[in-house]
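Before any comments, here is the structure.
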Amino acid sequence: MSTPTPPVETVTALARRYRLDLDMSTTPGTPVWALVPGVTEFTPKIEPTQQDVTTYDAEGWSEQAVTMLAWSIETTLAHRAHPTTGVFNAAQEALRKAARSFGAASYVRVRYYDRNGADDAQEGTALVKWEPDGGGPDAVDTVKVTLTGSGPLVEIANPVADGGGAFAAGAKNSKAGDA
């Protein structure tokens, strides 16, 4: 019996590797991507619906089948405003307005990807839930945003991919143990 070769992937990826973009276009099929700034937490999820498909042939063992997939993103944003005018960030405002809308205006097109160029990028249409966190006089203005997928979450080419990304370049240049 042979000993497995140790993996070469020894650097742990950081949670802050994700970037979230919002399509600000008013013309369907012609995206105009804008960065959603101020992300302090980011949790993408894909949840399967499993149904029991057990038959007598299973001899008492349960059998399951995936019949549907649902996706969502839970993120917390530091609510960003212009330092002089006080106007809130346009992408964040578009999310807030979609959360208060009905029909077609309640849907947004989003994509998220690894900011270092790794092969991890998705795009889809979602409904928005916008929940300000509130807080005391010493708190910063943060908002919990939940994007609930409507339709498929499609894998896309990473828009910042450059044949390895900054993560790979940084890993090559760092000493062992620095990461």
Side-chain angles (χ1 to χ4, degrees), residues 12-52 64-83 85-161 165 167:
T12 301
L14 302 178
R16 67 176 179 247
R17 70 188 179 94
Y18 286 112
R19 177 164 280 164
L20 177 64
D21 290 346
L22 177 68
D23 182 0
M24 301 289 284
S25 174
T26 56
T27 307
T30 309
V32 176
W33 296 108
L35 172 69
V36 177
V39 173
T40 61
E41 291 184 41
F42 189 88
T43 307
K45 297 179 180 181
I46 298 177
E47 297 183 29
T49 298
Q50 297 179 351
Q51 299 293 335
D52 186 332
Q64 301 288 318
V66 173
T67 60
M68 192 177 332
L69 295 173
W71 67 272
S72 64
I73 298 168
E74 294 177 0
T75 187
T76 302
L77 305 176
H79 203 180
R80 297 292 197 203
H82 189 277
T85 66
V87 173
F88 288 120
N89 173 268
Q92 289 186 353
E93 275 298 281
L95 290 171
R96 184 186 68 80
K97 288 177 181 176
R100 300 173 60 130
S101 297
F102 297 98
S106 64
Y107 292 92
V108 296
R109 190 89 182 145
V110 295
R111 69 180 182 185
Y112 67 92
Y113 51 92
D114 183 293
R115 70 176 65 229
N116 301 307
D119 188 21
D120 184 4
Q122 282 73 225
E123 180 179 324
T125 300
L127 293 170
V128 182
K129 187 174 183 182
W130 178 273
E131 300 173 275
D133 287 332
D138 61 341
V140 295
D141 187 10
T142 58
V143 180
K144 179 181 177 186
V145 176
T146 303
L147 301 168
T148 303
S150 180
L153 182 66
V154 179
E155 287 192 30
I156 59 171
N158 188 325
V160 298
F167 186 92

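Numbering starts at 1 and runs along the sequence shown.
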Just jot down the side-chain hydrogen bond (donor to acceptor under 3.5 Å, both in side chains) partners of [X], sequence neighbours excluded, or say none.
| X | value |
| --- | --- |
| Q64 | S62 |
| T125 | R109 |
| R16 | none |

With sequence neighbours excluded, what pairs up with [X] under the side-chain contact (heavy atoms from CB on, under 4.5 Å) test?
| X | answer |
| --- | --- |
| T26 | none |
| V66 | P48, Q50, L69 |
| P152 | V154 |
| Q51 | T49, T67 |

Between [atom1] on residue [X] and [atom2] on residue [Y], distance to nearest 0.5 Å:
| X | Y | atom1 | atom2 | answer |
| --- | --- | --- | --- | --- |
| L153 | L147 | CG | CG | 11.0 Å |
| L35 | R115 | CG | CZ | 7.5 Å |
| L77 | T40 | CG | OG1 | 7.0 Å |

According to ring pair (Phe, Tyr, Trp, His ring centres under 6.0 Å), does anything in residues 15-38 pair up with another residue at least two apart or in another chain? List the pairs. Y18-F42, Y18-Y112

Hey, could you give me each pair passing ring pair (Phe, Tyr, Trp, His ring centres under 6.0 Å) that has a residue in residues 128-154? Not counting sequence neighbours. H79-W130

Looking only at heavy atoms, which two atoms of [X] and [Y] are closest? And how far apart?
| X | Y | result |
| --- | --- | --- |
| A81 | G86 | CB-O, 3.7 Å |
| S150 | W71 | N-NE1, 4.2 Å |
| A121 | Y113 | CB-CB, 3.6 Å |

If you look only at pairs with a residue in residues 17-45, which of them pass as a salt bridge (Lys or Arg N to Asp or Glu O under 4.0 Å), with sequence neighbours excluded? R17-D114, R17-D120, D21-R111, K45-E74

Please, which pairs that meet salt bridge (Lys or Arg N to Asp or Glu O under 4.0 Å) have at least one residue in residues 128-143, sequence neighbours excluded? none

Using atom types as modelled, flag every donor-acceptor pair under 3.5 Å from a side chain in residues 88-104 to any protein atom, sequence neighbours excluded.
unit_1: N89; atom_1: OD1; unit_2: A91; atom_2: N; d: 2.9
unit_1: N89; atom_1: OD1; unit_2: Q92; atom_2: N; d: 3.0
unit_1: Q92; atom_1: OE1; unit_2: R80; atom_2: N; d: 2.9
unit_1: Q92; atom_1: NE2; unit_2: P37; atom_2: O; d: 2.7
unit_1: Q92; atom_1: NE2; unit_2: A78; atom_2: O; d: 3.2
unit_1: E93; atom_1: OE1; unit_2: R96; atom_2: NE; d: 3.3
unit_1: E93; atom_1: OE1; unit_2: R96; atom_2: NH2; d: 2.8
unit_1: E93; atom_1: OE2; unit_2: R96; atom_2: NE; d: 3.0
unit_1: S101; atom_1: OG; unit_2: K97; atom_2: O; d: 2.7

